[in-house]
Amino acid sequence: MSAHREAGFTLLELLVVLTVLALLMVALFAGLRFATHAWDRSESTGSGADEVRLVQNLLRHEIEQAYPRFLAGATPQDGSVDFSGVADRMTFLAPAPKSFADAARARISLERRPDGRLWQLVMVIRPELAADSEPALVEPLLSGLTDVAFNYAADAANPDWVEDWSHAKALPQLVRVDVTFPRGDSRSWPGVVAAPRISIDADCVYDASTNSCQGR
């Protein structure tokens, strides 16, 4: 009878074991919660970095393909390139996206637009020959921004950045796009500087009836 009692556990021993198990479970769940939060933060940071990288690649691609269509004025001195750039928006011609199968070129606008109390960067696409009444395709690129700014330079070797490139005779040699995020936002924006590849409108043939260049 005495040997049987010695082989069992006392109530105090069971309480100690249960207490230790409870402490281990609390520590285990705390570690699991920390690991889950860390994973979520890393996933959020990774997806934000991927989003920024895709947008930057898109901006470089579009700006590099800007086409310098020359618009002749009443006199040769009045002509200007078909490019309009200010601090919060730039518009230019470029090869049309694949979604516009019937358009050779499209008018691309990169714009800063309101996003609640913040800003967003959007791309507006309209086929070159589309009527003004035809709706354009609006593609939001980045949201939740504190600022979006465009700057332009005439000399790639010695850039002197300006905020206005309108009614110019040629495309800017460099375009810089700056984006800033709110404090605490995990996203970052390495500087984006792109150079249009084509500097001369080789297809420019002056048409007196339209005061512009027409394709050969």
Side-chain angles (χ1 to χ4, degrees), residues 48-71 73 79-97 99-100 103 105-128 130-156 158-199:
D50 290 341
E51 178 188 30
V52 168
R53 191 180 304 111
L54 288 173
V55 170
Q56 290 190 326
N57 290 338
L58 174 63
L59 293 178
R60 289 192 185 94
H61 179 266
E62 294 300 329
I63 295 172
E64 287 173 355
Q65 294 193 103
Y67 186 79
R69 180 171 180 261
F70 193 78
L71 304 175
S80 63
V81 71
D82 193 354
F83 181 98
S84 175
V86 291
D88 61 352
R89 180 177 61 260
M90 59 181 295
T91 303
F92 54 92
L93 287 176
S99 55
F100 294 91
R105 288 195 297 249
R107 193 168 301 280
I108 309 292
S109 290
L110 301 172
E111 305 177 5
R112 182 187 70 184
R113 290 190 177 184
D115 181 26
R117 295 183 177 181
L118 298 173
W119 299 97
Q120 62 178 339
L121 172 63
V122 303
M123 181 167 66
V124 183
I125 307 171
R126 184 190 299 276
E128 180 183 9
D132 293 339
S133 58
E134 185 175 334
L137 175 64
V138 180
E139 290 285 351
L141 301 180
L142 284 175
S143 301
L145 313 174
T146 53
D147 197 16
V148 179
F150 301 95
N151 287 272
Y152 317 91
D155 186 354
N158 234 339
D160 183 15
W161 298 104
V162 297
E163 294 183 344
D164 192 333
W165 196 275
S166 304
H167 309 293
K169 302 296 183 184
L171 294 177
Q173 288 195 12
L174 293 178
V175 176
R176 190 180 75 204
V177 185
D178 295 312
V179 170
T180 54
F181 299 102
R183 181 177 299 179
D185 196 309
S186 61
R187 296 173 295 178
S188 63
W189 184 267
V192 170
V193 177
R197 296 177 179 174
I198 306 175
S199 58

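- A 6.0 Å sphere centred on CG of Asp155 holds more than 12 heavy atoms belonging to other residues, nucleotides or ligands.
- Side-chain atoms of Trp165 come within 3.5 Å of backbone atoms of Ala170 as a donor-acceptor pair (strictly under, hydrogens ignored).
- Asp164 contributes a side-chain N or O that, together with a main-chain N or O of Ser166, makes up a donor-acceptor pair within less than 3.5 Å.
- Atom CG of Leu121 is separated from atom CG of Leu142 by 6.0 Å, given to the nearest 0.5 angstrom.
- Classification of Arg197 and Glu64 as a salt-bridged pair holds, one side-chain N sitting under 4.0 Å from a carboxylate O.
- Using modelled atom types, no side-chain atom of Gln65 and backbone atom of Pro95 make a donor-acceptor pair closer than 3.5 Å.
- Here the straight-line distance linking atom OG1 of Thr146 with atom CG of Leu118 works out to 7.5 Å at 0.5 Å rounding.
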Under the side chain to side chain contact (heavy atoms under 4.5 Å, CB included) criterion, do Leu145 and Arg112 qualify, and how do the steps go?
CA-CA 9 Å; Leu145 313 174; Arg112 182 187 70 184; over 6 Å; no
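- A donor-acceptor pair under 3.5 Å is absent between the side-chain atoms of Glu51 and the main chain of Arg187, judged by distance alone.
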Val52 and Phe181: side chain to side chain contact (heavy atoms under 4.5 Å, CB included), yes or no, with the steps?
CA-CA 11 Å; Val52 168; Phe181 299 102; 3.9 Å; yes
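- To the nearest 0.5 Å, atom CH2 of residue Trp161 and atom CG of residue Leu174 are 4.5 Å apart.
- Taking CG of Leu110 as the start and CG of Leu141 as the end, the distance is 7.0 Å to the nearest 0.5 Å.
- Rounded to the nearest 0.5 angstrom, Ile108 CD1 and Thr91 OG1 are separated by 9.5 Å.
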Under the side chain to side chain contact (heavy atoms under 4.5 Å, CB included) rule, what do Val192 and Ile63 come out as? Steps first, then yes or no, please.
CA-CA 11 Å; Val192 170; Ile63 295 172; 5.7 Å; no
Test side chain to side chain contact (heavy atoms under 4.5 Å, CB included) applied to Val124 and Arg113, step by step:
CA-CA 11 Å; Val124 183; Arg113 290 190 177 184; 3.5 Å; yes
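- Between atom CD of residue Glu111 and atom CH2 of residue Trp119 there is a gap of 11.5 Å, rounded to the nearest 0.5 Å.
- In this structure, the side chains of Asn57 and Arg60 come closer than 4.5 Å at one or more pairs of heavy atoms.
- Tyr67 places no side-chain N or O within 3.5 Å of a backbone atom of Phe92 that could act as its donor or acceptor partner.
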